[in-house]
Amino acid sequence: MDKNITILAIETSCDETAMAILKAKKRADSFEFETLSNVVASQIDIHKKWGGVYPELASRAHLEAMIPVLEETLLPLGKNLKISPVSKHSQILNLIDCIAVTQEPGLIGSLLMGIETAQILGAIFKKTVIKVNHLEGHVYASFVHLNRKFSIPKTNIFPILALVVSGGHTSLILMQDHLEYQTVAQTIDDAAGEAFDKVARIIGLPYPGGPEIEKLAKKGNKNTYNLPIGLDRKKDFSFSGLKTAVLYLTKNPSTGRKKKYNRDDLAASFQKTVADTLIQKTKIAIGKHNPKTLILAGGVSANSYIRNRFSREFPHSTSKAKHPTLLISPKLLSTDNAVGIAVAGAIKILANR
Ligand code: KG4
Ligand code: ZN
């Protein structure tokens, strides 16, 4: 039996205040979605001068952005309604069936802003509030098409192996069914995005480092510097050795004196080594778990070089080579957003998870 819901999602786990509204429908073999709105208010300008996210400032900025972001998110839903200007937001909120919110992991003060907002709206408008894990949001963003309806099969896509590469995580997650999963490999120290941010700082680039390094790397030679792959040929990730290797190319470890290096070439060599590392560990996990679908998600998957390397390494299956089907989040949804949270939340409800 078809079941329809309209879901509002709120994501505030780090430095983005994000909300989205999606329509979701349960079909016999799939879940069908339509994105009605997707709003992200970034705090990058606030954190840039600190070289990273300053948690106290992040919570305050969420508080300031919450109502304007909510109002902008609600707009498309009220477009064709005859509504009174006085009660328009509450009339639109009454059209929502449920609210999904990121529960963890993330900065506690930032998470609380989103959770409190969801709970207050849920209490006032009598809507169910569903708590979603941030990594589930990244994974489900990979199925999304922003400008058209999209569907997610109920079966036939499992097992899914999802590589979530963000500022806080570098994890390979194995999903046997919707929202049933376990972590099969992860970083033992820095996350890949964190390594991008730290290396950017070492070579004098602003936060967030990923997009800045990507820009410089386009002008550089990726084979100039030979950098180490952490935990070579083991299943887990490690990026702290790579970061230290970059540091010691820029200054002498014993005297602290600056060394001469080419910034573009170093950015390109670093980015290539991160891609090599991610691909090596993913191949190990594919060999072990034989997934039908491979997902690349999280902020680092916004990187064009890494996206291209994955697409070349894991092309569609041919009669000769059997590969999992590769899904990569749309670039706009690689970094934090609420669309993925809405999709995960809707599946929780529609599949009774
Ligand atoms: O997923 P995300 O928005 O937030 C977390 O959940 O952490 O990821 C943010 C991370 C940052 O470390 C940022 O430097 C990295 O993603 N990032 C990139 C790119 N865009 C964002 N890393 C490499 N290349 C990019 N183009
Ligand atoms: Zn994230």
Side-chain angles (χ1 to χ4, degrees), residues 9-18 20 38 40-44 47-48 50-53 55 58 62 101-108 110-111 114 132-142 162-171 173 186-187 189-203 205-218 220 222 237 239 242-243 267-278 295-310 328-341 343-344:
I10 304 175
E11 151 66 47
T12 61
S13 65
C14 190
D15 58 346
E16 251 96 40
T17 314
N38 169 34
V40 180
S42 172
Q43 305 176 1
I44 282 177
H47 301 293
K48 223 169 198 154
W50 305 98
V53 179
H62 283 305
V101 62
T102 305
Q103 182 184 27
E104 58 166 5
L107 300 171
I108 188 67
S110 292
L111 286 164
V132 173
N133 181 294
H134 181 71
L135 300 190
E136 295 169 358
H138 277 305
V139 171
Y140 278 99
S142 313
L163 174 61
V164 182
V165 261
S166 68
H169 291 84
T170 302
S171 303
I173 293 164
Q186 59 192 330
T187 181
D189 40 56
D190 293 345
E194 193 181 355
F196 268 98
D197 296 336
K198 286 180 175 169
V199 164
R201 207 170 175 169
I202 291 170
I203 63 176
L205 298 170
Y207 173 85
E212 301 289 333
I213 288 186
E214 182 176 3
K215 247 186 269 164
L216 285 200
K218 286 198 175 104
K222 62 183 187 312
F237 300 87
F239 290 102
L242 171 59
K243 173 197 64 192
S269 303
F270 165 77
Q271 183 178 265
K272 173 192 175 286
T273 309
V274 173
D276 289 345
T277 309
L278 297 176
I295 283 176
L296 177 64
V300 177
S301 74
N303 184 293
S304 299
Y305 173 78
I306 293 175
R307 295 169 83 91
N308 291 338
R309 286 283 310 274
F310 266 75
I328 310 181
S329 316
K331 265 194 193 183
L332 209 64
L333 300 182
S334 291
T335 45
D336 289 348
N337 67 87
V339 179
I341 302 298
V343 174

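Only heavy atoms go into these numbers, but all of them, side chains included; no hydrogens, no water, no symmetry mates. Start at 1 and go down the list; that is how both ligands and their atoms are numbered.
- Ranking the protein heavy atoms by distance from atom 26 (N) of ligand 1 puts Glu214 OE1, 2.8 Å first.
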Notebook entry, point to check: Can Asp276 and Lys272 be said to form a salt bridge (charged side-chain N to carboxylate O under 4.0 Å, His left out), step by step?
Noted result: CA-CA 6 Å; Asp276 289 345; Lys272 173 192 175 286; 2.8 Å; yes

Checklist line | Asp336 vs Thr102, side chain to side chain contact (heavy atoms under 4.5 Å, CB included): CA-CA, chis, key distance, verdict | finding: CA-CA 11 Å; Asp336 289 348; Thr102 305; over 6 Å; no

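- The structure places NZ of Lys222 at 5.5 Å from OH of Tyr305, a figure rounded to the nearest 0.5 Å.
- Using cut-offs of 30° and 60° for the angle between ring planes, the His138 and His134 rings count as perpendicular.
- Counting heavy atoms from C-beta outward, Thr170 and Glu194 have side chains that stay 4.5 Å or more apart.
- Annotation: the span from Glu104 atom CD to Asn133 atom CG amounts to 5.5 Å, rounded to 0.5 Å.
- For the atom pair CD of Glu16 and CG of Asn337, the computed distance is 9.0 Å after rounding to the nearest 0.5 Å.
- Within the model, atoms OG of Ser13 and CG of Leu107 stand 7.5 Å from one another, a figure rounded to the nearest 0.5 Å.
- Considering only non-hydrogen protein atoms, atom 17 (N) of ligand 1 sits nearest to Gly299 O, 3.5 Å.
- Judged by the shortest distance from any of its heavy atoms, Pro211 lies inside the 4.0 Å radius around the atoms of ligand 1.
- Ligand 1 has a nitrogen or oxygen under 3.5 angstrom from a nitrogen or oxygen of Gly167.
- Looking only at side-chain heavy atoms (C-beta outward), Arg307 and Ser334 come within less than 4.5 Å of each other.
- Among protein heavy atoms, atom 12 (O) of ligand 1 sits closest to Asp197 OD2, 2.7 Å.
- Closest to atom 22 (N) of ligand 1 among all protein heavy atoms lies Gly210 CA, 3.3 Å.
- Rounding to 10°, one obtains 100° for the angle at the Zn ion (ligand 2) between NE2 (His134) and NE2 (His138).
- Checking only distances, His134 does come within under 3.5 Å of ligand 1, N or O to N or O.
- Atoms of ligand 1 lying under 4.0 Å from any heavy atom of His138, numbered from 1 in the order shown and given with element: 1 (O), 6 (O).
- At the shortest separation from atom 24 (N) of ligand 1 among protein heavy atoms lies Asn303 ND2, 3.1 Å.
- Under a 4.0 Å criterion applied to the non-hydrogen atoms of Gly193, ligand 1 contributes the atoms 12 (O).
- Within the 4.0 Å heavy-atom cutoff, Gln271 does not count among the residues contacting ligand 1.
- We find the CG-CD distance between Asn303 and Gln271 to be 4.0 Å, quoted to the nearest 0.5 Å.
- Closest to the Zn ion (ligand 2) among the N, O or S atoms of Asp336 is OD1.
- Taken from CD1 in Ile202 to NZ in Lys243, the straight-line distance is 7.0 Å, to the nearest 0.5 Å.
- Which parts of ligand 1 touch Val300 is read off a 4.0 Å heavy-atom cut-off, strictly below it: atoms 16 (O), 18 (C), 22 (N).
- Looking at Asp336 against ligand 1, both its backbone and its side chain come within 4.0 Å, counting heavy atoms.
- Listed by atom number, the atoms of ligand 1 under 4.0 Å from Gly168 heavy atoms are 7 (O).
- If you look at His169 next to ligand 1, there are no close heavy atoms at all, none under 4.0 Å.
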